[in-house]
Amino acid sequence: MGSWLGDLPSFDPHNFSQLRPSAHSDLSKPAPVTYHPTHNRTLPPPDQVITTEAKNILIRSFYQQAEEKTRVIQLVCCPIWFTSGETHARGTCFEIGNLDATVVQRPKLGPHEEAIVPAAQSQPFLVNHKAKIHSLQSETKMVAISKIATGNGHGENSPYFDGWKAYEANPFHPTDRPDGVIQMGLAENQLCFSLIKKWVMQHPEASLCSVEGVDRFKETALFQDYHGMPEFRQAVAKFMGKVRGDRVKFDPDRIVMSGGATGAHEMVAFCLADPGEAFLVPTPYYPGFRKSINYSKLSPSICRFDRDLRWRTGVQLVPVVCESWNNFKITRNALEAAYEKATEANLRVKGLLITNPSNPLGTILDRETLRSVVKFIDEKNIHLIGDEIYAATVFMEPEFVSISEIIEEVECNRDLIHIVYSLSKDMGFPGFRVGIVYSYNDAVVSCARKMSSFGLVSSQTQHLIASMLSDDEFVDSFIAESKDQLSKRHKYFTWNLSQVGIGSLKSNAGLFIWMDLRKLLKEKTFEAEMDLWRVIINEVKLNVSPGSSFHCNEPGWFRVCFANMDDHTMEVALSRIRTFMLKHNDAMVPRKLCRRSSLKLSFSQRRDDLMSPSIMSPHSPIPQSPLVRART
């Protein structure tokens, strides 16, 4: 064949002899090997040996493919030229990947011709920004895939996800990896799974994969309408009312299901806005609402809300800047300023997105703020999306107020009001991917229901959830116990933080705290925040989320999750924080100074209360220990 591996022989299809090189130094001259039959199915002549004729199709095909791969590698390493209109630039291609250039095979240079490379370019460069590989060779072509799919719209390269990668590479385990990274960047509620387990054991019929539930297996496994099972929508609507103190009722016919809150947010964005139109989002906000407009640098910054809302819909996010001096409250002035900036940037604002309770702040919006928000969107005639996925995590006063309550109190256009809900946080079921869109707009309900066919909740999950949420006694006890456990964990966690001089924003909801480490920054910059974050990830071995990943406009804030781990893991995390802070005593926040600040920081209240048996963990340190705890 003339292959790069030498003259590759083949053998007769009836000869199962093997190749054996005559010498390691000369692979191109295989030695004939006498046939030794291993069974009686073929009987070739006893003196038959491997010939050099290319008769066996399989062997020939194998070496042809190897040669093709080698040819592609050689082409990649050979000189090519890049074209952009009338301009030609020559260089050497060193990588073939997601190229933003039109590539053609470089013609042969003349005897006195040299490759033209700009002096400033020490490496090959690309000129055209439209990625297309024209031809590497006549029989080898690379086909480009979607720019949306290959772009950075997901935000996986942001610090938020970098922390997750560090954890996944070396996850903490009490015995196998005691020095591993502890996951404190995941807002997950694991504090009441004993109640869930008990209910499941008492109601085996709720599972289709049991003797008690197998009779409904067939009807549930067959096709289900994308409206969702009636009993599922009724149970979810009832649960949403209970979480809000039964002060408001929800219509099951307006329940639209989706694959988690991520799918629900994208669904709403798709229904309400066209590509290029914008939503206002108060900062700091959940890092899944990707790419918002950064007016100071006129460049995009990355966050998860950007992924949920923008990646595939093409909508823009405009930050509503909220600041620590007033505990990051949403003000009418901040809303007007963001709206004006969007207008100046020729962006058509289609809506305002609020998270209540807030992720990452762990605070709720009071009634007056909500009324102001509703008045603002009604005057501007823009939509209001209320993300209320943490509604049942409010563990102390003041109580949660839903946007659905406010529209009963003030006059407004209800067609502009939409709620995103989920069971991921309130019930601790992120793996079930139960997302809900509840809209007061008939057209949005109709459109969202069509869209839901792209991300349905499995019928098996619907059946289980409908059974569980229809049990009023269980739901009432779960909501009460969850609030109690969150309150105890929150108090214990923030008290331990205060013992080593770490403050946090005063909060009463969520599965996290907004931790204040501004005093530990070498300078008041986001670069210094990232330096501190790297120390926490790489040395302290805690995955916490930096405030910049939430679009916070002040460096030094970190979101820390506290409900996604058991007591032992929590104590290990506190021990690590104590050790870290003891090394930075000079940068610790003086408690007296913090009391004088107008910013509401959560520090120790009554030590006797916090050290009571009802609050102390089974693995708690002695009262004098300054162990620190973080929450998400």
Answer yes if the side chains of [X] and [Y] hold a donor-acceptor pair under 3.5 Å, and no otherwise.
X: His418; Y: Asn441; answer: no
X: Glu231; Y: Ser470; answer: no
X: Asn543; Y: Gln183; answer: yes

Does this structure show an ion pair linking Arg367 with Glu409, if we count only N-O contacts that are shorter than 4.0 Å? yes
Output yes when Lys425 and Glu388 qualify as a salt bridge under the 4.0 Å nitrogen-oxygen rule, no when they do not. no
Search all heavy atoms of Arg332 against all heavy atoms of Ser372 and return the closest pair with its distance. CB-OG, 4.2 Å
Atom NZ of Lys380 with >12 non-hydrogen neighbours under 6.0 angstrom: yes
Around atom CD of Glu473, are there more than 12 heavy atoms from other residues, nucleotides or ligands closer than 6.0 Å? no
Output yes when a side-chain donor or acceptor of [X] lies under 3.5 Å from a complementary backbone atom of [Y], and no otherwise.
X: Arg348; Y: Glu277; answer: no
X: Thr343; Y: Tyr339; answer: yes
X: Glu405; Y: Arg247; answer: no
X: Asp274; Y: Gly276; answer: no
X: Arg518; Y: Trp557; answer: no
X: Arg371; Y: Asp366; answer: no

Hey, what do you get for CZ (Arg244) to CZ (Phe250), rounding to the nearest 0.5 Å? 4.0 Å
With Tyr438 as reference, evaluate Asp251, Val445, Val256 under the side chain to side chain contact (heavy atoms under 4.5 Å, CB included) test and give the passing residue. Asp251
Side chain proximity check, Lys242 to Asp476, heavy atoms < 4.5 angstrom: yes
